[in-house]
Amino acid sequence: MKLWWVGIVISLVFSKWANGFVEHSFNETELSFLEAYGESKVGANYLMVGLTLIPGAGAKRAVCLDGTLPGYHLHRGYGSGANSWLIQLEGGGWCNSIRNCVYRKTTRRGSSRFMEKNIAFTGILSNKAEENPDFFNWNRVKLRYCDGASFTGDGEDKARQLQFRGQRIWLSAMEDLKSKGMRYAKQTLLSGCSAGGLAAILHCDEFRGLFPRTTKVKCLSDAGLFLDAPDVSGGRTLRNLYNGVVGLQGVQHNLPRVCTNHLDPTSCFFPQNLIANIQTPLFILNAAYDSWQIQSSLAPASADPAGFWHECRLNHAKCTPSQINFLQGFRNQMLNAVKRFAMSNKNGLFINSCFAHCQTERQDTWFADDSPVIGKKAIAIAVGDWYFDRTRVKAVDCPYPCDNSCHNLVFQRAN
């Protein structure tokens, strides 16, 4: 099994290098694989869950970039969790240009043809109480990501045979899951990692609207707090990327009106402009030094032609004092972005000072003997305490390098 994962990682990374990083450095697909290989122990004892395609999606044009049917992985709950549902929205970056999206539809991020038929359910998706104490026996769903716009686009490009149907995929999946028992849920949690974490924010209030007021509904965004922050050259790498996504995929029509009434659509794709106005209880889990944002938003090669940030962006231990100072400024921006959000008693917060990205799906960061902690509390316990109203959770770590519980990511790349 380990050799299989190593083969996957090597083939993935080399295919991306050969393709010139598809216009923007490491993308989220690579990061998720590298994280899994770097620290998670992938073994035969993990629960493997099969892919279910949504049969009625085609008639609604709720399809992946290449026109194939979207899908999800569902593992049924039992006992006290039989009427509880956890929906995990898959991450995987975005496509912001025709060239980008045409490439993407030849991968599992744009076509169900290339999706794994079975995936491991670990971390927040685990079915073992010792690995996932609060959600192990819930109905747990992983909705696959194949639209490239955080499940929000609605448009097409007939000439290039591209379908931008993220919003329809979202609606079709929710309808299908409701028909399989989710409509009777007593409690639900919408979660997501990275681009899926952004999607969980964007769809949080919509998700609340699917259920009666008597149903307990909350949302969790893991590594989805992407900031509209300047890169190392003073440019706006991520804003430019998002501007392409929003314009190309027709996202603007599906963004929260409370935001688009006073800000431009691209600004309303940034969580910092949304989170304070979300009515449904929301938990934000994020690394203060998010690995993806450092690599692809703050210090991408395009903003660093001389390569001053090359070593630092791959390994925080190789950052100079001035580079760490820049990253401390990014952490301060993140804390400022959540200040108003954190004032609400219904919301939860866990900002740890790690160089990481996505901490709910990996067993070693979600709940293990050496998991990251803030105040001796692991992420799984913090999320559970917040969801079940056991205690308020507003945990903010001290700045780097004070936290020695982090599972920091280190990347290596051929020159």
Side-chain angles (χ1 to χ4, degrees), residues 1 5 32 35-36 39-52 72-90 118-143 177 180-182 184-193 196-197 200 215-223 281-285 348-350 352 356 358-393 395 405-407:
M1 180 65 80
W5 269 93
S32 61
E35 285 175 316
E39 292 183 337
S40 290
K41 304 288 191 296
V42 178
N45 62 333
Y46 279 151
L47 172 69
M48 302 300 291
V49 180
L51 176 65
T52 299
Y72 57 77
H73 303 256
L74 163 63
H75 191 252
R76 291 285 186 178
Y78 63 92
S80 62
N83 289 319
S84 300
W85 288 74
L86 186 151
I87 311 299
Q88 178 79 353
L89 303 178
E90 185 179 33
N118 296 278
I119 62 170
F121 268 28
T122 64
I124 197 170
L125 296 172
S126 172
N127 65 331
K128 299 185 177 99
E130 64 270 23
E131 295 178 348
N132 188 22
D134 284 307
F135 308 108
F136 71 96
N137 64 349
W138 285 31
N139 296 281
R140 297 164 335 281
V141 179
K142 182 152 190 173
L143 179 57
L177 291 169
K180 292 185 175 178
M182 191 174 76
Y184 305 114
K186 295 287 187 269
Q187 49 191 8
T188 63
L189 176 63
L190 176 67
S191 65
C193 149
T215 305
K216 186 185 186 82
V217 181
K218 296 190 178 185
C219 306
L220 163 64
S221 173
D222 175 13
L282 172 64
F283 191 103
I284 288 178
L285 161 65
L349 194 65
F350 193 103
N352 56 352
C358 287
Q359 300 178 89
T360 55
E361 294 179 349
R362 290 177 50 191
Q363 196 57 55
D364 64 327
T365 48
W366 173 248
F367 193 62
D369 291 341
D370 63 342
S371 291
V373 294
I374 298 179
K376 299 184 179 179
K377 187 175 288 190
I379 293 167
I381 303 305
V383 171
D385 282 352
W386 164 80
Y387 185 87
F388 292 103
D389 304 306
R390 294 192 289 249
T391 183
R392 292 179 187 171
V393 180
S405 73
C406 289
H407 290 205

Determine whether F367 and N132 make a side-chain contact, defined as any pair of heavy atoms from C-beta on separated by less than 4.5 Å.
no
Intermediate values then yes/no, side-chain contact (heavy atoms from CB on, under 4.5 Å), K142 and F121
CA-CA 9 Å; K142 182 152 190 173; F121 268 28; 4.2 Å; yes
Please find the pair of heavy atoms, one from V373 and one from S405, that lie closest to each other, and give the distance.
N-OG, 3.0 Å
Below 4.5 Å, heavy atoms only, C-beta onward: do T188 and T215 meet side chain to side chain?
yes
Pairing donors with acceptors under 3.5 angstrom, does anything connect the side chains of N137 and S80?
yes
Where the side chain of S191 meets the backbone of I87, is there a donor-acceptor pair that is under 3.5 Å apart?
yes
S126 side chain vs K128 backbone, donor-acceptor pair below 3.5 Å:
yes
So P372 and C406, do their side chains get closer than 4.5 Å, heavy atoms only?
no
Between W386 and G348 the two heavy atoms that sit nearest each other are NE1-N, 3.4 Å
Looking at side-chain heavy atoms only, is the closest gap between L86 and L125 below 4.5 Å?
yes
Decide whether a cation-pi geometry holds between K216 and Y387; the criteria are a distance under 6.0 Å from NZ or CZ to the six-membered ring centre and an angle within 45° of the ring axis.
yes
Examine distances only and state if a side-chain atom of Q359 and a backbone atom of W366 form a donor-acceptor pair shorter than 3.5 Å.
no
Which heavy-atom pair separates C358 from A223 by the least distance, and what is that distance?
N-CB, 3.4 Å
Taking I124's backbone N and O only, do any of them form a donor-acceptor pair with T360's side chain (distance below 3.5 Å, no angle check)?
no
Validation row: L74, M182 side chains within 4.5 angstrom (heavy atoms)
no
Test side-chain contact (heavy atoms from CB on, under 4.5 Å) on D370 and H407; report intermediate values, then the result.
CA-CA 9 Å; D370 63 342; H407 290 205; 3.8 Å; yes
Can you find a pair of side-chain heavy atoms, one from H75 and one from N127, that are under 4.5 Å apart?
yes
Could you check if a side-chain atom of L47 sits within less than 4.5 angstrom of a side-chain atom of E131, using non-hydrogen atoms only?
no
Can you name the closest pair of heavy atoms from T122 and Q363 and give their distance?
C-OE1, 3.9 Å
Check for a donor-acceptor pair, side chain of K377 on one end and backbone N or O of D385 on the other, with a separation under 3.5 Å.
no
So, are R362 and D222 salt-bridged, with charged N and O less than 4.0 Å apart?
no
With a 4.5 Å cut-off on side-chain heavy atoms, are H73 and E90 touching?
no
Donor-acceptor contact present, side-chain S221 to main-chain G197, <3.5 Å
yes
Check: Y72 ring centre within less than 6.0 Å of W85 ring centre:
no
Which atoms form the tightest heavy-atom contact between L220 and A200, and what is the distance?
O-CB, 3.7 Å
Residues, nucleotides or ligands: over 12 heavy atoms within 6.0 Å of R392 CZ:
no
Should we say atom OH of Y184 is surrounded by more than 12 heavy atoms from elsewhere, each under 6.0 Å from it?
no
Shortest non-hydrogen pair, W138 vs Q187, comes out as CZ2-NE2, 3.6 Å
